[in-house]
Amino acid sequence: FWMIEDDLDVFCSDAAPALKVAALKRILYAMGRNGFDYATSQRFHEICATIFTADSRPLLAESQVMNDLLALLKFDDKKTSSSFPVILRNTIRQSQGFIDNSSPYFILQPNKLPVHIQSLLKHGEIELLPAFLRKRIKTPTSNNGFSLATDAIPTYEIRLDILEYFLYWFVQFPLNQNALPVATSEVKTKKEVSHKLPAWISSTTAMISPQKPTKPTKTKTTNIYLDLLNNYLTHFVPHGEQLQNSHGSLFEFILMCWLDYGHIPRYLREYIHLENDIPTTACLKAIKEIVLYTVSDPNVMIASKEGNESITANYPAREIQKPLYDFLCQSFTILTDSNSPQKSSDLMDIWMTFILPWKAHTEKDNKNEPVSLSDDWGSFVNQNILFYLTPTEHFLQYVKMDFNTATKEQDLALFERFISHFTELDLYKTVQSAVSMLVDIKSGGLYTDQSSGRTNMQRHFGTLDVNISQFEPLFSEHNISLPLDILKNLSNDIIYCLKYLPDSSQVSRIEKAASQFATLFNLQSTWVKLKPTDNGQKLRSSSSLVRKERKISHNNRHRLLEVDLHGDYWNSPLMTFENAFVARHAYFLALTLQQRYNLDEIPRIRWLASYKIWGLSFLVFTVLYIIWKLAVILAHLLGF
């Protein structure tokens with residue numbers, strides 16, 4: 001007893017990470033041999049806090065002990081005396097039917113729950129809570145359990161068993177982290193690795209080298225949290241089994257904490273959600289891993305082949321559908337250019353991972369991608385058509401309001417990714433076919449042909465709480481205003497590039513993206529009329545349009561028609577007022593400063609290459625020189 005107490009003191013203290021891991025090994029060994037004793041149960045919340053929470057630096061984020069900690073936290077049936085989750089699961093099994101201190105319940109404080117769950121509790125909307133949470137809500141009548149004393153919502157307490165309590169804090173971890181912890185190791189490689197230069201530097205002849213090529217080794221990184229997440233999903237949320245009990249609690253915690261909008265009816269969404277924000281980058285990476293795991297379920301492919309969505313009724317892919325749909329719609333709605341480009345990219349990854357499930361199965365089974373979507377995956381598109389329509393509309397609204405493909409490289413790259421995914425395997429044609437079926441259902445009402453595909457589509461709308469009769473889909477001839485506005489913006493971006501940027505490659509990229517985008521929405525003839533040319537009547541006559549667009553842009557769009565380097569600072573195209581030679585050497589100088597002083601990002605000293613700065617500097621020095629001369633003359637006249 002006293003030995004475990006000593007180890008618990010060390011593990012929950014500010015000791016060195018290596019000492020903490022050693023103490024945890026001894027604690028788990030004792031638990032594996034003797035069961036979950038009273039001393040450990042009394043302080044179990046401290047163990048979870050030390051590993052996962054951000055009140056202090058969590059042990060999981062300590063790079064020097066990640067690999068050792070990973071071995072202890074993984075679920076491994078073969079290591080029953082050292083695998084933490086296995087010990088917790090066995091503790092529950094051994095104590096079933098007994099009421100003693102060996103298997104206590106743990107009280108989860110209501111103020112530790114997501115904000116929307118707290119709002120539901122505060123307003124007494126218990127019936128709107130997830131089913132698994134409703135079963136664990138109790139009105140406190142005694143002092144059983146182990147709880148910290150805070151009572152933001154004093155009338156309820158959430159009672160979790162020991163494994164559920166551990167998994168809850170595991171799910172909470174990425175919500176409080178900017179980046180997920182990774183372990184690194186050196187791996188030999190035959191190729192020399194050099195620093196990647198911006199396009200405008202690599203397109204010119206460099207006179208000096210920014211840095212010497214690195215040694216023939218590369219750093220291999222292992223994402224510890226994602227490794228654990230996949231391990232827990234495999235054992236607690238296996239493919240092909242209905243979610244229930246502790247197997248389902250991990251998945252329910254994920255839906256509740258990461259995909260924040262899944263359990264609230266649409267008519268109560270604004271009432272419950274007072275403040276919304278996009279999760280951290282770390283959480284977005286974890287969400288992508290969850291989506292990848294769900295769509296890689298073999299039952300997803302079987303359901304698509306047979307055209308029967310009921311095959312996946314009890315599987316993770318079906319459970320995640322509505323929460324993920326609400327999450328994507330909400331996230332793209334509140335996404336602005338004030339968010340980091342990484343968040344935009346991560347949201348795109350999550351979205352594309354779900355709507356392109358054949359990629360997950362291709363990588364999993366080491367097979368070639370399908371030549372056509374009609375054979376195996378056409379039914380999947382029909383059964384999940386809203387994922388191809390509504391998030392697309394919200395994303396294009398974001399493109400319309402905040403994108404500037406002329407001066408922001410990350411905007412153009414993200415737009416190109418969107419287009420490439422929808423043109424690959426002619427996905428947009430499959431979507432257009434599904435939209436035609438949707439329009440036919442709307443126009444036919446009850447008298448339309450009730451084939452299995454149509455029935456599945458109608459059920460899909462009901463599952464996601466969307467009124468099919470009032471829904472106006474994209475990819476139809478009746479809803480082209482948004483794509484048309486984007487084509488106009490792209491036309492203006494090309495005009496800007498032709499006037500201010502000497503590099504024609506930017507114009508070519510925007511023209512190609514615009515042409516492919518017009519194909520997605522059958523607006524090819526419209527784009528031919530809007531497309532500006534490098535010379536001739538069209539560009540000259542469009543100058544007045546550009547002036548009008550500048551005024552409009554200033555009021556209702558965050559587009560930059562003046563020179564702008566606020567996007568990707570160093571990768572923005574070389575401007576006409578910049579000297580290429582000085583800009584190149586300014587970049588090399590910035591790299592040297594970053595390496596010498598261990599800076600987080602490359603210093604922004606590109607302004608050194610600006611002719612405007614040179615002219616301003618010359619003007620300032622000239623004025624100072626004149627003032628100095630006048631002062632000398634006055635001094636002579638006054639006899640000083």
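Numbering starts at 1 and runs along the sequence shown.
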Exercise: do Thr405 and Arg509 side chains pair donor with acceptor under 3.5 Å: no
Backbone of Val291 reached by a side-chain donor or acceptor of Thr294 within 3.5 Å: yes
In the structure I gave you, are the side-chain heavy atoms of Arg454 and Asp440 within less than 4.5 Å of one another anywhere? yes
Say whether, by atom type as modelled, one donor and one acceptor occur between the side chain of Tyr293 and the main chain of Leu233 under 3.5 angstrom. yes
Which of these, Phe84, Phe75, Phe106, Phe236, sits in a ring pair (Phe, Tyr, Trp, His ring centres under 6.0 Å) with Phe166? Phe84
Let me check something: any side-chain donor-acceptor pairs from residues 278-290 under 3.5 Å, sequence neighbours excluded? List them with distances.
from   : atom 1 : to     : atom 2 : distance (Å)
Thr280 : OG1    : Pro174 : O      : 2.8
Thr280 : OG1    : Gln177 : O      : 3.2
Thr280 : OG1    : Cys283 : N      : 3.2
Lys285 : NZ     : Asp346 : OD1    : 3.2
Glu289 : OE2    : Asn230 : ND2    : 2.8

Is there a side-chain contact between Phe517 and Phe418 in this structure, where contact means two heavy atoms from C-beta onward sitting under 4.5 Å apart? yes
For Phe173, enumerate each residue passing the ring pair (Phe, Tyr, Trp, His ring centres under 6.0 Å) test, keeping only those at least two apart in sequence or located in another chain. Tyr225
Looking at Phe471, is its backbone amide N or carbonyl O close enough to the side chain of Lys442 to form a donor-acceptor pair, meaning the two atoms are under 3.5 Å apart? yes
If you define the side chain from C-beta out and look only at heavy atoms, does anything of Phe422 sit under 4.5 Å from Gln516? no
Mind checking the CG-CE spacing from Leu59 to Met66? Nearest 0.5 Å is all I need. 9.5 Å
Side-chain contact, heavy-atom cut-off 4.5 Å: Ile320 with Leu255? yes
Any luck finding a side-chain donor-acceptor pair between Asn522 and Glu477 under 3.5 Å? no
Please answer whether the main-chain N or O of Leu386 pairs with a side-chain N or O of His460 as donor and acceptor at a distance below 3.5 Å. yes
Rounded to the nearest 0.5 Å, what's the gap from CG on Asn467 to CG on Leu464? Could you check? 13.0 Å
Tell me which one of Tyr398, Tyr325, Trp351 satisfies ring pair (Phe, Tyr, Trp, His ring centres under 6.0 Å) with Phe332. Trp351
Any carboxylate oxygen within less than 4.0 angstrom of a Lys/Arg side-chain nitrogen, looking at Glu164 and Arg159? no
Between Phe521 and Tyr428 (judged by ring centroids, cut-off 6.0 Å), do the two rings come close enough to count as a pair? no
Between Thr430 and Tyr388, is any side-chain donor less than 3.5 angstrom from a side-chain acceptor? no
Do the side chains of Arg136 and Glu252 get close enough for a salt bridge, i.e. N-O under 4.0 angstrom? no
Can you tell me how the ring of Phe380 sits relative to the ring of Phe354, calling it parallel under 30°, perpendicular over 60° and tilted otherwise? tilted
